[in-house]
2 protein chains.
Amino acid sequence: MPPRTRRPQRRTDALSRERIVETAVELLDTAGETGLTFRALTERLATGPGAIYWHVANKGELLGAATDAVVAAAVTPGRSEPTAAAEPTGSAEPAADTAGSPTAQTAPGSPQDRIRRVALGLFDAIEAHPWLAPQLAAQLSRTPWGSVTPRIFESVGRQVRALGVPEGSWFTATSALVHYVLGAAGQNAVNAAHGRALGPGLDRAAFLDATSTAWEELDPDDYPFTRAVAAQARDHDDREQFLAGIDLILTGITVTAAGHTPARAEE
Amino acid sequence: MPPRTRRPQRRTDALSRERIVETAVELLDTAGETGLTFRALTERLATGPGAIYWHVANKGELLGAATDAVVAAAVTPGRSEPTAAAEPTGSAEPAADTAGSPTAQTAPGSPQDRIRRVALGLFDAIEAHPWLAPQLAAQLSRTPWGSVTPRIFESVGRQVRALGVPEGSWFTATSALVHYVLGAAGQNAVNAAHGRALGPGLDRAAFLDATSTAWEELDPDDYPFTRAVAAQARDHDDREQFLAGIDLILTGITVTAAGHTPARAEE
DNA sequence: ACCTGAACACCGTTCAAGT
DNA sequence: ACCTGAACACCGTTCAAGT
């Protein structure tokens, strides 16, 4: 039972699917995956469960809508997330990019740059919303015809096309990139989870340290490689690492498109 | 309430953590993610919930153990899964490989081959156990110091080392491969889900067809690329596609290791 | 040490009833 | 058309009690 700091009634604007999804994202961000319940939702929205069920079919659909909303915001360039803010988005200026590059209407830079930007967008979204990673996996494996997969696929695929990849390889190249991004982002989501399972005050660096320490304590006979690499794991930078992987795949794509295919040719 | 086809008591051998985990995997395979409940578990094991809680801390730990058991069986070469079988594994011969290659004590073939084999092992495990994909994501993002990540990491990493990659790139190259495998396997898990959300009788091919049809019906203005690629998506082979992605990354790794790094150099 | 099973708090969902 | 809120079936987990 949380303290009654929140005013129990805010009947200002009417209930809407959008407002419900918005509140769901808030709840997920604040209280984690287990924090999204219909009771918490009804309390925040000052209604009964029936009202929510009029706008939303069930909890699964609500989770899907929340996932889609966050992904859409992350993948659409120049749009910041309106999730946490209660007021509708006006003409908000895009936040300053950490890379220093301006965000224009048509994204600037080489196709490689734009792929990196899309990938980092998703990466950061998962870091900001740790519940997104397993949700994304569940979403994708259940309904790939939903709106989440095409959204990501489209953003990446356009740049693959711009890269000059022959049409016959579009699907393969785009799939490889998307799968990598989802896998890597999912794995790295933990770094933003505020030490849920670790106790408070254990931040990102301490967490990495704990992980690589755990790896160093593995059985030398069973895990020689993982132990040897534990040191590298300790002081790696997530985003750099993530981008290095993107570059590895981009290299593979461009080299393969040029007709070399050394991975198979070597054998 | 299922019909009483199962004998309600099978008090043959004593309860054990292993037997509980085994039954959990059975339940997950049979009834899906929602099928694993403590009631179903107690019914199958003919005990009370307290007995289970004596061997297992909570449901999360049980899910983790089930995930680890399946991953271990998939990643360890020459070991088939003992999950569905009730009798303890004796000296079972490895099942015939679909690729026709014999399974020796030390896995044969080039490092590339062995990487493909490990990757396919996980791929097939996720296909056989559709609940594994989101579970893996949840597992990895919560406790990367657990046993699942090192297991996968070690199997892939040894082959990366054998590939002749310089030590400074071990972590990056292995991470890229592991992330891709997890992302791709998760996404493809759906193809083995027996049309849970689609109704019975809708098999793999029909499912792919439905997906690409959905993609073809997307808005032409918003999704030109995805629409253009829908046909390729329709008749692609999952495993081929998956391996093509692996090869793309292997190409990137070997080319980058040779000092070219064309992805960044090109700009 | 290992197991039993009633009991508890909580959850998603439904639905007759209101406006 | 949109919302209310009591009620239902079910869930994970606990714990005093047994052997």
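Letters A, B, ... mirror the listed sequences (proteins, then strands); counts begin at 1. Just so it is clear, the values below take in all heavy atoms, side chains as well, and ignore hydrogens, waters and symmetry mates.
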Engineer: If a pair satisfies ring pair (Phe, Tyr, Trp, His ring centres under 6.0 Å) and one of its residues is in residues 16-64 of chain A, list it, with sequence neighbours excluded.
Structural biologist: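 Sorted result for residues 16-64 of chain A: A:Phe38-A:Tyr53.
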Engineer: Using the C1' atom in both, what is the distance from C:dA9 to D:dC10, to the nearest Å?
Structural biologist: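 The answer is 13 Å between these two C1' atoms.
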Engineer: For the side chain of B:Ala14, starting at C-beta, report the closest nucleotide among C:dC3, D:dG12, D:dT4.
Structural biologist: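 Output: C:dC3.
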Engineer: May I have the distance from B:Leu27 (atom CG) to D:dC11 (atom C1'), rounded to whole angstrom?
Structural biologist: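 Rounded to the whole Å, the gap is 14 Å.
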Engineer: Once you round it to whole Å, what is the distance between C1' of D:dT4 and CG of A:Leu45?
Structural biologist: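 Taking atom C1' of D:dT4 as the reference, CG of A:Leu45 is at 14 Å.
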Engineer: How would you list, by chain and number, every residue that makes a side chain to side chain contact (heavy atoms under 4.5 Å, CB included) with B:Thr30, sequence neighbours excluded?
Structural biologist: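 Applying side chain to side chain contact (heavy atoms under 4.5 Å, CB included) to B:Thr30 gives B:Arg44.
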Engineer: Does A:Glu216 pair with A:Arg234 as a salt bridge, N-O distance under 4.0 Å?
Structural biologist: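 Yes, charged N to carboxylate O under 4.0 Å.
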Engineer: According to salt bridge (Lys or Arg N to Asp or Glu O under 4.0 Å), who are the partners of B:Glu61, at least two apart in sequence or on a separate chain?
Structural biologist: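 Checked B:Glu61 against salt bridge (Lys or Arg N to Asp or Glu O under 4.0 Å); matches are B:Arg17.
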Engineer: Is it true that B:Thr67 and B:Gln135 share a donor-acceptor pair across their side chains at a distance under 3.5 Å?
Structural biologist: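 Side chains of B:Gln135 and B:Thr67: no pair found under 3.5 Å.
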Engineer: Return the value, rounded to whole Å, for the distance between atom CZ of B:Phe38 and atom C1' of D:dT14.
Structural biologist: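 Going from CZ in B:Phe38 over to C1' in D:dT14 covers 12 Å.
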Engineer: Figure out the CD1/P separation between B:Ile52 and D:dC11, and round it to whole Å.
Structural biologist: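 Atom CD1 in B:Ile52 sits about 13 Å away from atom P in D:dC11.
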Engineer: Nearest of D:dT13, C:dC11, D:dC11 to any side-chain atom of B:Arg39?
Structural biologist: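 That would be D:dC11.
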Engineer: Between D:dG5, C:dC3, C:dC11, which nucleotide gets closest to the side-chain atoms of A:Pro49?
Structural biologist: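 The listed nucleotide nearest to A:Pro49's side chain is D:dG5.
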Engineer: Could you tell me whether A:Asp124 and A:Arg239 make a salt bridge, using a distance below 4.0 angstrom between a side-chain N and a carboxylate O?
Structural biologist: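 Result for this pair is yes, salt bridge flagged.
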Engineer: Below 6.0 angstrom between ring centroids: does that apply to B:Trp215 and B:Tyr223?
Structural biologist: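 That pair fails the under 6.0 Å test.
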Engineer: Answer with yes or no after comparing the ring centroid distance for A:Phe171 and B:Phe225 against a 6.0 Å cut-off, counting only values under it.
Structural biologist: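 So the answer is no for these two rings.
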Engineer: Using a cut-off of 4.0 Å on non-hydrogen atoms, how would the nucleic acid contact of B:Leu41 be classed: base, sugar-phosphate, or nothing?
Structural biologist: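 Nothing, no nucleic acid heavy atom in range.
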Engineer: B:Ile20 CD1 to D:dT13 P: how many Å, rounded?
Structural biologist: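 Checked: the CD1 to P distance equals 13 Å.
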Engineer: Which one, C:dT4, C:dG5, D:dC11, comes nearest to the side chain of B:Ala51?
Structural biologist: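 Of the candidates, C:dT4 comes closest.
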Engineer: For DNA chain C, determine which residues of residues 53-66 of chain A have any heavy atom closer than 4.0 angstrom to one of its atoms, and list them numerically.
Structural biologist: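 Hits under 4.0 Å, by residue number: A:Tyr53, A:Asn58, A:Lys59.
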Engineer: Identify, with sequence neighbours excluded, every residue that meets salt bridge (Lys or Arg N to Asp or Glu O under 4.0 Å) alongside B:Asp68.
Structural biologist: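 For B:Asp68, the residues satisfying salt bridge (Lys or Arg N to Asp or Glu O under 4.0 Å) (neighbours in sequence not counted) are B:Arg151.
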Engineer: Could you write out DNA chain C as dot-bracket? Rules: Watson-Crick or G-U wobble, both distances under 3.5 Å, brackets [ ] for crossings, | for pairs with another strand, dot for unpaired.
Structural biologist: ||.|||||...|||||.||
Engineer: With nearest nucleotide decided by heavy atoms, which residue, A:Ser16 or B:Leu36, maps closer to the 5′ end of DNA chain D?
Structural biologist: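 Its nucleotide being nearer the 5' end, the pick is A:Ser16.
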